[in-house]
Protein chains: 2
Amino acid sequence: MFDTSKLEKHGIKPSITRLKIYQYLLDNDHPSVDEIYQALKNDLPTLSKTTVYNVLNLFGEKDIVSTISLDSKELRYEMNQDLHSHFQCIKCGEIYDFPYVNVDYDLIHQKGFESLEHNLVIKGICKKCKAQNI
Amino acid sequence: MFDTSKLEKHGIKPSITRLKIYQYLLDNDHPSVDEIYQALKNDLPTLSKTTVYNVLNLFGEKDIVSTISLDSKELRYEMNQDLHSHFQCIKCGEIYDFPYVNVDYDLIHQKGFESLEHNLVIKGICKKCKAQNI
DNA sequence: GTCCTTGCAAAGCGTTTGCACAGAA
DNA sequence: TTCTGTGCAAACGCTTTGCAAGGAC
């Protein structure tokens, strides 16, 4: 059912809780802590939000998830470690991955700054909401 | 001393608190609520953070400030309403404005999405920190 | 007198910390 | 036994809300 090797490869001892959260992250990109908690608490009746935080922070230390803060409210978690951009729908709030966009750092370097990375978030209306004309 | 017309132009009745906060935003870009509060509480001894929030939210409703959430911890406030990008120093946390960078929305539109705007945040080391080699 | 700015106190919400219990090794 | 995964309770930090007092007009 679960592939424990992926976690072990990153130095994480598998447990049912960790495997379920890992699987949830595979199936659902950019979830919030609460979303994960609500989705798994039926399967794991004693699950607590603290444990979700514990596991996600552990995954973060082991570099299998990273966080995105789009609205200053809650963090979102993702496993996609490739360079990419984000699109957030202003209607439904859903987040989508889009290809990386190169940014010309010339001006920044000319001004004596050193640039390491950039985060691009595009806001708009997603395909689903456009279709439903919400 | 203070130019009350800028506030009145936006339908905001001037008060000493509002003028001081307005002036602080003119002089210091991207401050946090706490920074504004700490900076002004000597001048305005009875100032409370609630009032800073009240005033900033009022300014937001009247479209003279907007918020940026870079680190999911605290909001930053800015009056620069022109299109621009942000650079945040990973050493000192300081935020700098940089010219707007165009992004090609073609692929997004091809996929049936409608894009309205984008936020670009570049992370790196600012000129000051590079000089000090912190 | 009425309206509204101000600010204390408390609540709200996402996240972290302290800690203890139980299960794994 | 020792280690560690889990989860309750509390703390924490930022922000909002309730509300009342005092000032502006």
Side-chain angles (χ1 to χ4, degrees), chain A residues 2 4 7-8 10-25 30-62 64-78 93 95, chain B residues 2 4 7-8 10-25 30-62 64-78 93 95:
Chain A
F2 285 115
T4 63
L7 289 185
E8 285 162 346
H10 288 89
I12 298 170
K13 268 201 283 187
S15 73
I16 181 64
T17 309
R18 289 169 179 177
L19 288 165
K20 289 265 184 190
I21 293 177
Y22 184 80
Q23 188 62 45
Y24 190 84
L25 286 160
H30 323 105
S32 65
V33 164
D34 192 61
E35 180 183 334
I36 298 170
Y37 171 70
Q38 299 297 338
L40 297 184
K41 71 177 184 184
N42 287 330
D43 252 3
L44 306 168
T46 68
L47 182 66
S48 77
K49 274 196 193 176
T50 300
T51 298
V52 180
Y53 279 108
N54 285 341
V55 171
L56 289 172
N57 289 340
L58 175 68
F59 286 3
E61 287 161 20
K62 302 297 186 182
I64 65 175
V65 299
S66 52
T67 58
I68 351 171
S69 85
L70 293 186
D71 54 4
S72 85
K73 212 181 68 224
E74 58 186 5
L75 288 173
R76 304 298 200 99
Y77 295 80
E78 69 176 356
I95 301 163
Chain B
F2 284 115
T4 62
L7 289 185
E8 284 162 347
H10 288 89
I12 297 170
K13 266 201 285 186
S15 73
I16 181 64
T17 310
R18 289 169 179 177
L19 287 165
K20 289 266 184 189
I21 292 176
Y22 184 80
Q23 188 62 45
Y24 191 84
L25 286 160
H30 322 106
S32 65
V33 164
D34 192 60
E35 181 183 334
I36 298 171
Y37 171 71
Q38 299 298 337
L40 297 184
K41 71 178 183 184
N42 287 330
D43 252 5
L44 306 168
T46 67
L47 183 66
S48 77
K49 273 196 196 177
T50 300
T51 298
V52 180
Y53 279 108
N54 285 342
V55 171
L56 290 172
N57 288 340
L58 174 68
F59 285 3
E61 288 161 20
K62 303 296 186 180
I64 66 174
V65 299
S66 52
T67 58
I68 351 170
S69 84
L70 293 186
D71 53 4
S72 83
K73 211 181 68 221
E74 59 185 6
L75 288 173
R76 304 297 199 100
Y77 296 81
E78 71 176 355
I95 301 163

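Below, chains carry the letters A, B, ... as their sequence lines are ordered, and counting in each starts from 1. Quick note: numbers below take in every heavy atom, side chains included, and nothing from hydrogens, waters or symmetry partners.
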> In B/S/- notation, 5' to 3', how is nucleotides 13-25 of chain C contacted by protein heavy atoms closer than 4.0 Å?
Replying inline: -SBBB--------

>> Could you measure the distance from the OG1 atom of T51(B) to the CD1 atom of I36(B)? Nearest 0.5 Å is fine.
In response: 12.5 Å

>> For a side chain to side chain contact (heavy atoms under 4.5 Å, CB included) check, start with the C-alpha distance between E78(A) and I68(A), then their side-chain angles and the critical distance, and finish with the verdict.
In response: CA-CA 8 Å; E78(A) 69 176 356; I68(A) 351 171; 3.8 Å; yes

> Which nucleotide span of DNA chain D, 5' end to 3' end, has atoms closer than 4.0 Å to non-hydrogen atoms of chain A?
Replying inline: dT4(D) to dA9(D)

> Does T17(B) put a side-chain nitrogen or oxygen below 4.0 Å from OP1 or OP2 of dT5(C)?
Replying inline: no

> Under the salt bridge (charged side-chain N to carboxylate O under 4.0 Å, His left out) rule, what pairs show up with a residue in residues 33-42 of chain B, not counting sequence neighbours?
Replying inline: D34(B)-K49(B)

> Rounded to the nearest Å, what distance is computed from the CD1 atom of residue I36(B) to the P atom of nucleotide dG7(C)?
Replying inline: 14 Å

> Does the side chain of D71(A) reach to within under 4.5 Å of the side chain of S69(B), using non-hydrogen atoms?
Replying inline: no

>> Just verifying a value: how many Å separate I95(B) CD1 and R76(B) CZ, rounded to the nearest 0.5 Å?
In response: 4.0 Å

> What integer distance in Å separates L56(B):CG from dG7(C):P?
Replying inline: 14 Å

Result block: side-chain N/O donor-acceptor pairs under 3.5 angstrom for residues 52-62 of chain B, not counting sequence neighbours:
residue	atom	partner	partner atom	Å
N54(B)	ND2	T50(B)	O	3.4
N57(B)	ND2	Y53(B)	O	3.3

> If you look at every strand shown and take non-hydrogen atoms under 4.0 Å, does T51(B) touch a base, only sugar-phosphate, or nothing?
Replying inline: base

>> According to side chain to side chain donor-acceptor pair (under 3.5 Å), who are the partners of T17(A), at least two apart in sequence or on a separate chain?
In response: none

> Mind checking what makes side chain to side chain donor-acceptor pair (under 3.5 Å) contact with S32(B), not counting sequence neighbours?
Replying inline: none

